[in-house]
Amino acid sequence: MIDSYFLRTGSTSKKRKLDDRETISEHRDSQTAGCMDDISNSGELSSRLSCFDNISSKQSLEWKKISAENLDLDYVQLFTKTEADSLFQQAERMIKYNANSKVFLHGKWHNIPRKQTAYGDTGLRYTFSGATVSAQPWSNAGFLKDICDLISTLTGHKFNFVLVNRYKDGIDHMGEHRDDETDLETGSAIASISLGQARDFIFRHADARGRSAKRKIEPVKLELSHGSLLMMNHPTNVYWFHSLPVRKRAFLPRINLTFRKMVVKS
DNA sequence: TACGGTCACCGGA
DNA sequence: ATCCGGTGACCGT
């Protein structure tokens, strides 16, 4: 099964289009290939927590800073493959996705090309393009709260909400957008955990979009690997759009967790 | 080669 | 405007 994955994916061809200067691609295949094969039996949640023991401080982690004009990202391989496999399995078992998620764009309703849900503090919700995603209680998926606490400790940013997107394969995707400022606490960072299939992730500056773009600014392209953490720091989301494009050569599911600090609205 | 698959990009109301 | 469809460049066969 792993062999067939390698054959179908074509580990070298994927990097062809990406500029090495801007691309983070090490470990891609080795970290992704086995995750669906590891059907380990579940342990208690407490035993999962032990996998966080060795990442209690920033010290042992190799962070990579990614900078451009008004773009500020920090990327790190937060979890080992074994840890990430376990988290992926828990996500598949515990996360319940919303049915019939639709968005309204240019006069039409569309089904979103992925599955989505959210967890968080009571009463929080996230709105975009005519859709509202209400937080399920943390207690419905306790491991998400554990990850939330871990990255809060690790980064010093406090989060109260996680948006979950599941891409069943490389056809599932997310179009270019900026996150809605009005729902987010101003100046807060967004923490993005990736589990499963590695996927390209692309940032484009607002001033470089459209036929009559004011300026020529190169896109910033990353690959988000199994078990990675990407910190999107202020003011990245003010100036840069981001997207997860279709990748026909990707066949396995990816689950993305974006931890946010939401404004409490009445 | 000429073609088909993939992808980047644009623009729609 | 987290969608889609159309267009054209590029690349591998």
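A note on names: the letters A, B, ... follow the listed sequences, proteins ahead of strands, and every chain is numbered from 1.
- Separating the CZ atom of R204(A) from the C1' atom of dC7(B) is a distance of 13 Å, rounded to the nearest angstrom.
- Counted by atom type alone, S134(A) and Y119(A) present zero donor-acceptor pairs between their side chains at under 3.5 Å.
- Distance CG (D200(A)) to C1' (dC7(B)): 11 Å, rounded to an integer number of Å.
- Rounded to whole angstrom, the span from the NE2 atom of H242(A) across to the P atom of dC9(B) amounts to 17 Å.
- Between the CE atom of M174(A) and the C1' atom of dC4(C) there is a distance of 16 Å, rounded to whole Å.
- Here the P atom of nucleotide dG5(C) and the NE2 atom of H106(A) are 14 Å apart, to the nearest Å.
- Rounded to a whole Å, the NZ atom of K108(A) is 11 Å from the P atom of dC4(C).
- Taking side-chain N and O atoms only, R114(A) has a distance below 4.0 Å to OP1 or OP2 of dC3(C).
- Salt bridge D74(A)/K65(A): present, at least one basic N to carboxylate O contact under 4.0 Å.
- Y126(A) comes within 4.0 angstrom of a nucleotide base, judged by non-hydrogen atoms across all strands.
- In this structure, the CG atom of D172(A) is 10 Å from the P atom of dC3(C), given to the nearest Å.
- Straight-line distance from the CH2 atom of W109(A) to the C1' atom of dC4(C): 16 Å, rounded to whole Å.
- Note on K248(A): only backbone sugar-phosphate atoms sit closer than 4.0 angstrom, heavy atoms only; bases stay farther off.
- Between R204(A) and the options E218(A), K221(A), E176(A), H242(A), a side chain to side chain contact (heavy atoms under 4.5 Å, CB included) holds for only E176(A).
- Listed candidates were dC9(B), dC10(B), dC3(C). Nearest to the side chain of P219(A) is dC9(B).
- In terms of phosphate contacts, R211(A) brings no side-chain nitrogen or oxygen within less than 4.0 Å of OP1 or OP2 of dG8(C).
- Checked for salt-bridge contact, D179(A) and R260(A) meet the test: a charged N lies under 4.0 Å from a carboxylate O.
- Linking Ile, Leu, Val, Met, Phe, Trp and Tyr whenever their side-chain heavy atoms come within less than 4.5 Å puts Y97(A) and L144(A) in one cluster.
- Remark: R249(A) is not in phosphate contact with dG5(B), judged by side-chain N or O atoms under 4.0 Å from OP1 or OP2.
- Within 4.0 Å of H173(A), counting heavy atoms only, lie sugar-phosphate atoms of the nucleic acid but no base atom.
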